[in-house]
**Q** 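Below is the structure I would like to discuss, written out as C-alpha cells.
Computed from a predicted structure; not experimentally measured. Here is how names work: the chains are called A, B, and so on, in the same order as the sequence lines, proteins then strands, and each is numbered from 1.
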Amino acid sequence: MKLIKKGLAYVDDSSSEEMAAMKGTPTGAGKNSLYRNRAVEENLELFQKMKSGEFADGTHTLRVKIDMAHINMLMRDPVLYRIKHAHHHRTGDKWCIYPMYDFAHGQCDSIENITHSICTLEFVPHRELYDWLIEKLEIFPSHQYEFARRNINYTVTSKRKLLQLVNENYVTSWDDPRMPTISGLRRRGYTPESIRDFCDRIGIAKRENIVDVGLLEFCLREHLNKIAQRRMVVFDPVRVVISNWVPLQAGGKTEILQSENNPEDAGSGMRDLPFSREIMIERDDFMETPPKKFFRLAPGQMVRLKSAYIIKCEQVIKDADGNISEIHCSYIPESKSGHDTSEIKVKGTLHWVNAADAVEVEVREYDRLFKVEDPSSEEGDFKDYINPDSLKVVKGFAEPSIKNAKLSDRFQFLRKGYYCLDKDSTDEKLIFNRTVTLKDGWTKEVKKN
RNA sequence: UGACCCAUGGUGUAAUGGUAGCACUACUGAUUUUGGUUCAGUCAGUUAAGGUUCGAAUCCUUAUGGGUCAACCA
C-alpha cells in the first residue's frame, strides 16, 4: 500500500507470457507495461479487489515501478504480489494474494531485526532489489551477505534434487541412510559432534567448491573411535576347530573371556566373551598360499584371536568341491589374553565369534549414492549417474552381547567399521547400518602388488 | 556478445601491503592383542602478463578460466 501510494507500484493486467516477452533479455532492454501509469486511486482499488478474490488466478499482479531497461533483470518492475485462491491456515479463503520471495525476504528479515541475512551466491543479483525495497519501504535495514553453498562429492545437496530421489523411489525416504539429509545422516549413525567438526573444518567462502566426502568421514571416524563400543562380528564365516580343546561331549567347557569395550576409553569397562572348541573367523582372514606380509592365518602360521588365545593352523578340511569347510588349529594355553606367558610374538590378530552362541544379524552396507564426483555437472540427467550398488544387505554373525544393543548405541565391529542399530530392527531380527568402514591399509597394500 | 560474482598444493580453508600457514588426502617410518588408533616425517600451492611499491596472494589494468542472471519458484 505504501508503495502504491508513493506511486511506486501498480497493478498489471498483463498475462505471465506478455510480461516475460516485455522483460527483455540480459543484453537488451525491456518495454514498459501498458498499465504502468495507472492512477494511484485505480491501483488501490484494483489491489483491494485482487486481495478479496474478485479476480481469477493469473489475471493481475502488483508490480513495483523501477526501470524496465535496468541492467539487472531483477530490477525490471518485478512482481510483488500475485493472485492465488489458496486456502490458508490462518486467513482461510479471505486473503487471495501471496507475495513473491524477493518482496517478502527483506521484510521478514527486517521485522525480526536481522542484521546479517546470509544466503547462497545465486542471490547476489537479488541484493540490489532487497536493498531497494528496504529503502523505499523505510524499514529496518537488514543486510544480505552471500556465500557459496557447500557441496560434497559423490552426492547432491540440492533440495529439489533430493526431492526427486525420494519421489521417484531411488531411496526409501528422506531419512534413508544414504541421503545427505540430517535425518539420513542421523539414521546412518553420524554423530552431531562429527558433523559440527566437519563444518568447522571446511569453513565458508565465496568460491565454488566441492568438498571431499573423505573429510566428512574422517571427522566421523575420529569421533566414533572415541565413543564406539567394540564388538566382534564375522560376515563371511569359516569354521575353526580348536583341535586340542576338549570337546563339550567329553567334559570340555565354554570359557568366559573378558574384552575391553573401548581401548580408547578406560572408563568403558569390559564385557564377557564365550570361547570354546568351535569358532568362526572371516573367510578372507585365511589363505592357503599367502602372499608376503600376510599376517593372518595360513597353514602352519600363528595368529592371535582378539582377547583370547594364539592359535596355529594345523590342517585345512575341504568339501567335495574343493571349498574350505573347516580349519583345524591348535591353541597355546599359555597365551591367554592378559596372562600371556608364552613369549610368542604374532603379527596378526583376528576377530572371531564362538560358533555355539553366535547371533545372526542383518547388516546394511551403504556406498556413495552416485558414481561420479559431481552428478549435476555431467551430461544429461543427474539421476543417470546413480550408483546401483549403494545398498548391499549382508548377513553377520555377532558375539552374544550384541543382543543388548539399543538404538542410540554406536558400535565398532572390530576390524570392519562403525555400525548402529536401525529402527527397522525387531526382537527377533537385529538390523545394523554400516555408518562408515574403518580405514583399510591392507586392501591398499594388496592393490600395490 | 551485456552485467555481476569468483580464482592460493589433489581437496577445503587462512595470511593490518612485510617469513605463503593449517587440516584432509597421498607417500615413508615407528608403535600396536583392531593391517584401526597414536606418533614422527615427506611430497605438493598464490591462473597469466604488465603496472604501483623498498616490498604484492593482497592494490590497479588487461587477458584466461569457472559460475550466475531473461518463474505470477524459493
**Q** Taking only the P atom of each, what is the distance from B/C60 to B/A23 in whole angstrom?
**A** 32 Å

**Q** Between B/C69, B/G36, B/C72, which nucleotide gets closest to the side-chain atoms of A/M100?
**A** B/C72

**Q** When the aromatic ring centroids of A/F218 and A/F198 are compared, is their separation below 6.0 Å?
**A** no

**Q** In whole Å, measure the gap between the C1' atoms of B/G29 and B/C43 for me.
**A** 15 Å

**Q** Suppose we call a contact any N or O donor and acceptor under 3.5 Å apart; does that hold for the side chain of A/R160 and the base of B/C73?
**A** yes

**Q** Relative to the 5' end of RNA chain B, which residue comes earlier, A/F294 or A/L215, by the nucleotide with the nearest heavy atom?
**A** A/L215

**Q** By nearest heavy atom, map A/G214 and A/G441 onto RNA chain B; which one lands nearer the 5' end?
**A** A/G214

**Q** When you measure from the side chain of A/K306, which nucleotide among B/G36, B/A3, B/U33 comes out closest?
**A** B/U33

**Q** Side chain of A/P26 only, please: which of B/A74, B/C69, B/U34 is the nearest?
**A** B/C69

**Q** Can a donor-acceptor pair under 3.5 Å be found between the side-chain atoms of A/R304 and the base atoms of B/U33?
**A** yes

**Q** Please report, rounded to the nearest Å, how far the C1' atom of B/U25 is from the CZ atom of A/R201.
**A** 13 Å

**Q** Name the pairing partner of B/G65, where a pair is Watson-Crick or G-U wobble with both distances under 3.5 Å, or state none.
**A** B/C6

**Q** For B/U31, what is the paired nucleotide under Watson-Crick or G-U wobble rules, both distances under 3.5 Å?
**A** none

**Q** Please tell me which of the listed nucleotides, B/A70, B/U34, B/U11, lies nearest to the side chain of A/T25?
**A** B/A70

**Q** Mind checking whether A/F103 and A/Y81 have ring centres under 6.0 Å apart?
**A** yes

**Q** Please confirm whether A/F123 and A/Y130 have ring centers closer than 6.0 angstrom.
**A** no

**Q** Can you tell me the Watson-Crick or wobble partner of B/C43, both distances under 3.5 angstrom?
**A** none

**Q** For B/U47 versus B/G67, give the span between their C1' atoms, rounded off to a whole number of Å.
**A** 16 Å

**Q** Pairing donors with acceptors under 3.5 angstrom, does anything connect the side chains of A/Y309 and A/E255?
**A** yes

**Q** Go ahead and name the base partner of B/C22; Watson-Crick or wobble counts if both distances stay under 3.5 Å, otherwise write none.
**A** B/G12

**Q** Would you indicate, yes or no, if B/U34 has its OP1 or OP2 atom less than 4.0 angstrom from a side-chain nitrogen or oxygen of A/K416?
**A** no

**Q** Look at atom CH2 of A/W442 and say whether more than 12 heavy atoms of other residues, nucleotides or ligands are closer to it than 6.0 Å.
**A** yes

**Q** Is any N or O donor-acceptor pair between the side chain of A/E208 and the base of B/G65 shorter than 3.5 Å?
**A** no

**Q** Distance check, P atoms only: B/U46 and B/U58, in whole angstrom units.
**A** 13 Å

**Q** Please check if any side-chain donor atom of A/Y154 sits under 3.5 Å from a side-chain acceptor atom of A/N387, or the reverse.
**A** no

**Q** Given the P atoms of B/G2 and B/U62, what is the spacing between them in whole Å?
**A** 13 Å

**Q** Does A/K84 put a side-chain nitrogen or oxygen below 4.0 Å from OP1 or OP2 of B/C73?
**A** yes

**Q** Please tell me which of the listed nucleotides, B/U37, B/G35, B/U33, lies nearest to the side chain of A/D440?
**A** B/G35

**Q** How close do A/H85 and A/C96 get, heavy atom to heavy atom, and via which atoms?
**A** ND1-SG, 3.8 Å

**Q** Rounding to the closest angstrom, what is the interatomic distance between B/U32 and B/C27 at atom P?
**A** 23 Å

**Q** Counting only distance, no hydrogens or angles, is the base of B/G66 paired donor-acceptor with the side chain of A/R207 under 3.5 Å?
**A** no

**Q** Name the pairing partner of B/C73, where a pair is Watson-Crick or G-U wobble with both distances under 3.5 Å, or state none.
**A** none

**Q** Looking at the side chain of A/K23, which of B/C72, B/A74, B/G35 is the nearest nucleotide?
**A** B/C72

**Q** Using a distance-only criterion (donor-acceptor N/O pair, under 3.5 Å, no hydrogens), is the base of B/U37 paired with the side chain of A/E222?
**A** no

**Q** Given B/A70, B/U34, B/G12, identify the nucleotide with an atom nearest to the side chain of A/L414.
**A** B/U34

**Q** Ignoring backbone atoms, test whether A/K206 places a side-chain nitrogen or oxygen under 4.0 Å from the OP1 or OP2 oxygen of B/A7.
**A** no

**Q** Can you see whether A/N433 engages A/Y419 through a side-chain donor-acceptor pair at a distance of less than 3.5 angstrom?
**A** no

**Q** Spell out yes or no: do the side chain of A/S337 and the base of B/U33 have one donor N/O and one acceptor N/O closer than 3.5 Å?
**A** yes

**Q** Quick one: is A/K444 getting a side-chain N or O under 4.0 Å of the B/C27 phosphate, OP1 or OP2?
**A** yes

**Q** Taking syn as any angle within 90 degrees of 0 and anti as the rest, which one fits B/A71?
**A** syn

**Q** For B/U37, give its Watson-Crick or G-U wobble partner with both distances under 3.5 Å, or none.
**A** none

**Q** Could you give the NZ-to-C1' distance, from A/K31 to B/A70, as a whole number of Å?
**A** 14 Å

**Q** When you get a sec, tell me which of B/C72, B/C73, B/G36 is the closest nucleotide to the side chain of A/V79?
**A** B/C72

**Q** P atom, B/U25 versus B/A20: distance in rounded Å?
**A** 27 Å

**Q** Check every atom of B/C72, B/C5, B/A26 against the side chain of A/R82 and return the nucleotide holding the closest atom.
**A** B/C72

**Q** Could you tell me which nucleotide pairs with B/U53 by Watson-Crick or G-U wobble geometry, both distances under 3.5 Å, or answer none if nothing does?
**A** none

**Q** Counting side-chain heavy atoms from CB outward, which of B/U34, B/U68, B/G12 is closest to A/P125?
**A** B/U68

**Q** Considering only the C1' atoms, how many Å lie between B/C24 and B/A14, rounded to the nearest integer?
**A** 15 Å

